[in-house]
Number of protein chains: 2
Amino acid sequence: MAKTSFREQQLQLREDAIVASVNRLLAEKGFDLMTVDEVVADVGIAKASLYKHFNSKEDLAAAAMVRVLERALAELARLREQDPAAPALSQLKAVARWTMRVQLAGEMPSLPAQNSSLRAALLGHKVYLDRLMSLSDELGVWITAAQAAGDLRPELPPEVVLYTLFARACDPVLGLLKAGGQYSDEQIIEILLLSCFGGLAAAQPLLESEPNAALAPAKKRAPASRGRASP
Amino acid sequence: MAKTSFREQQLQLREDAIVASVNRLLAEKGFDLMTVDEVVADVGIAKASLYKHFNSKEDLAAAAMVRVLERALAELARLREQDPAAPALSQLKAVARWTMRVQLAGEMPSLPAQNSSLRAALLGHKVYLDRLMSLSDELGVWITAAQAAGDLRPELPPEVVLYTLFARACDPVLGLLKAGGQYSDEQIIEILLLSCFGGLAAAQPLLESEPNAALAPAKKRAPASRGRASP
DNA sequence: GTCTATAAAAAGATAGAC
DNA sequence: GTCTATCTTTTTATAGAC
């Protein structure tokens with residue numbers, strides 16, 4: 001089965017080059033401002049050639065997302081292998097650190113959640129959905145494990161933790177701090193890791209166990225049920 | 001000076017209607033996907049008429065940002081007046097709560113940080129810059145006060161706290177949770193307030209005061225200088 | 001599959017009558 | 001100032017030769 005492998009390999013390399021360019025441009029300008037002309041200019045091919053590989057601009061973005069999701073899955077596997085006995089919370093922090101490093105390196109594609117045509121294309125993209133679910137599942141295991149170990153707030157639904165991790169992977173605060181130029185990349189990462197996992201507020205001195213007093217500043221809240229709404 | 005006031009008032013009302021539409025559309029679709037045609041269709045005027053009031057699409061976005069910034073400044077004044085003796089941390093949480101409510105109401109305009117033409121227009125917009133600096137200054141007072149009171153993490157530079165508050169005002173996690181439909185608006189707000197100020201990690205039991213042990217999971221970090229880089 | 005050339009459509013902005 | 005009609009540019013996508 002390695003007969004036409006040379007040609008196919010060349011084609012595969014070309015596609016990789018396209019997706020790498022798309023990934024970089026998505027990180028730099030976002031989906032709406034990235035144009036197909038820029039992509040083909042960056043890769044050095046004709047536009048019609050690109051459309052032989054990908055059917056639409058949305059497909060390009062999906063391919064870039066699949067690429068970064070698979071990089072993330074590989075990183076998760078690496079973390080698991082490197083220290084199989086590590087606490088789940090440590091692993092989650094390591095993942096957050098990795099996503100921030102990717103973003104600081106200008107390699108984190110950012111897709112606007114509002115674009116409906118893009119959203120529809122992603123929801124119809126089997127491979128993208130599969131990788132996204134795989135990543136969510138694997139992170140979910142660590143999240144529930146960390147909660148069971150008492151290392152993550154039990155009041156936070158696991159999905160909130162998951163969404164927060166995804167959101168921090170493209171947090172604009174990172175870009176603002178980098179643009180400020182006052183901190184090194186590693187300093188930025190540690191600061192944001194602290195604010196994400198430790199919170200903005202100072203650690204409470206653990207007084208006479210008044211649970212969430214700091215969260216009800218002015219008015220009394222209704223005694224409605226809080227926390228999880230579904231099992 | 002109230003001679004032509006009727007005509008002028010009518011004009012002002014028309015401009016207000018335009019900016020309100022722009023505000024809503026910016027919250028719904030973002031700057032890049034919002035079209036001027038949509039705006040004029042929503043307001044019910046001709047495109048050329050709109051361009052008599054605003055010179056460009058970027059000017060429209062700037063006007064919407066001025067509007068929301070002034071709403072925020074008014075909310076700050078209200079909070080100060082309502083309880084002048086309230087701790088700064090409570091005030092900051094109240095502000096965060098207000099921004100989340102605005103976002104849940106679909107009234108928080110979101111501008112992409114990547115669009116350079118928009119960025120240039122905003123940096124040249126005097127009123128916008130003035131309001132943005134006013135808001136930053138007023139929040140900065142509360143932030144430093146809360147840190148002095150020991151209620152905010154002293155390791156976090158004040159600008160990081162400020163940027164984080166701004167970022168949480170348009171956090172995509174809010175939209176994801178609302179789309180999930182499992183939680184009420186107020187539940188979402190309390191959950192995100194907890195994760196923002198309290199962090200994802202569970203409160204540390206305050207062991208033998210090992211400062212940031214949880215932040216160094218796998219590898220030892222370089223002993224480089226951390227924390228603030230400038231006074 | 002790759003190229004040049006060209007649709008086809010969208011969107012920001014303006015001309016000119018009233 | 002407001003309107004209709006139009007211009008201009010940008011951008012996605014495709015024909016058709018090789």
Side-chain angles (χ1 to χ4, degrees), chain A residues 3-19 21-22 25-26 28-64 111-112 114-122, chain B residues 3-19 21-22 25-26 28-64 111-112 114-122 124-125:
Chain A
K3 201 60 179 298
T4 57
S5 119
F6 183 70
R7 269 277 156 81
E8 283 180 7
Q9 201 167 342
Q10 208 167 358
L11 264 288
Q12 185 60 43
L13 284 180
R14 170 97 65 161
E15 281 202 3
D16 288 348
I18 294 174
V19 179
S21 273
V22 170
L25 288 170
L26 281 181
E28 184 183 324
K29 327 185 61 172
F31 179 79
D32 295 322
L33 267 60
M34 178 190 80
T35 70
V36 179
D37 289 274
E38 284 173 325
V39 176
V40 298
D42 195 56
V43 181
I45 59 175
K47 189 151 52 170
S49 303
L50 185 145
Y51 274 98
K52 297 284 184 182
H53 292 272
F54 300 93
N55 291 319
S56 67
K57 185 186 174 186
E58 285 77 14
D59 266 12
L60 282 176
L111 305 185
Q114 299 131 339
N115 192 322
S116 56
S117 78
L118 175 60
R119 196 177 155 71
L122 289 178
Chain B
K3 201 59 177 299
T4 57
S5 119
F6 183 71
R7 271 278 156 80
E8 284 179 6
Q9 204 170 340
Q10 210 167 358
L11 264 288
Q12 186 59 43
L13 284 180
R14 170 96 66 164
E15 281 202 2
D16 288 348
I18 295 175
V19 178
S21 273
V22 170
L25 288 170
L26 282 181
E28 184 183 323
K29 327 184 61 171
F31 180 79
D32 295 321
L33 266 59
M34 178 190 80
T35 70
V36 179
D37 290 273
E38 284 173 325
V39 176
V40 298
D42 195 53
V43 181
I45 59 175
K47 188 152 54 168
S49 303
L50 185 145
Y51 275 98
K52 297 286 183 180
H53 292 274
F54 301 92
N55 290 319
S56 68
K57 184 186 175 186
E58 284 79 11
D59 267 11
L60 281 176
L111 306 184
Q114 298 134 338
N115 191 323
S116 56
S117 78
L118 175 60
R119 196 177 155 71
L122 289 178
H125 197 287

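Within every chain, numbering begins at 1; the chains are lettered A, B, ... in the order of the sequence lines, protein sequences first and strands thereafter.
Here the straight-line distance linking atom OG of Ser116(A) with atom NZ of Lys29(B) works out to 7.0 Å at 0.5 Å rounding. Of the inter-residue distances, the one linking Phe31(A) atom CZ with Gln114(B) atom CD reads 13.0 Å to the nearest 0.5 angstrom. Of the inter-residue distances, the one linking Gln10(B) atom CD with Arg14(B) atom CZ reads 7.5 Å to the nearest 0.5 angstrom.
Only Ser56(B), Lys57(B), listed by number, bring a heavy atom of residues 54-62 of chain B to less than 4.0 angstrom from any atom of DNA chain C.
Nearest nucleotide to the side chain of Asp37(B), out of dT12(D), dA13(C), dA11(C): dA11(C). Which of dT12(D), dA13(C), dT4(C) sits closest to the side chain of Val36(A) comes down to dT12(D). Distance from the side chain of Leu11(B) is smallest to dG1(D) among dT2(C), dG1(D), dC3(D).
Taking all atoms of both residues into account, the shortest heavy-atom contact from Asp32(A) to Pro112(A) is OD2-CG, 3.5 Å. Summarising the geometry of Ala64(B) relative to Leu26(B), their closest heavy-atom pair is CB-CD1, 3.8 Å, with the distance given to 0.1 Å. Here the closest non-hydrogen pair linking Val22(B) and Leu60(B) is CG1-O, 3.7 Å.
OP1 or OP2 of dC3(C) has at least one side-chain nitrogen or oxygen of Ser49(A) nearer than 4.0 Å. Close to dA13(C), at under 4.0 Å from its OP1 or OP2, lies a side-chain N or O of Tyr51(B). Taking 4.0 angstrom as the limit, Arg14(A) places a side-chain polar atom (N or O) nearer than this to OP1 or OP2 of dT2(C).
The nearest whole Å value for the distance from the CG atom in Leu25(B) to the P atom in dA11(C) is 13 Å. Note: CD (Glu8(A)) to P (dG1(C)) measures 9 Å, nearest angstrom. Per the geometry, CD belonging to Gln10(A) stands 11 Å off C1' belonging to dG1(C), to the nearest Å. The interatomic distance linking His53(A) (NE2) with dC3(C) (C1') rounds to 13 Å, in whole Å. The distance between atom CG of Asn115(A) and atom P of dT12(D), rounded to the nearest whole Å, is 11 Å. Per the geometry, NZ belonging to Lys52(A) stands 9 Å off C1' belonging to dT14(D), to the nearest Å. A straight line from CG of Leu33(B) to P of dG12(C) spans 10 Å, rounded to a whole angstrom. In this structure, the CD atom of Gln9(B) is 18 Å from the C1' atom of dG1(D), given to the nearest Å.
For the residue pair Asn115(B) and Ser117(B), a side-chain donor N or O sits within less than 3.5 Å of a side-chain acceptor on the partner.
If Asp32(B) and Gly44(A) are placed on DNA chain C by their nearest nucleotide, the residue sitting closer to the 5' end is Gly44(A).
Across all strands, Thr35(B) comes closer than 4.0 Å only to sugar-phosphate atoms, never to a base (heavy-atom distances).
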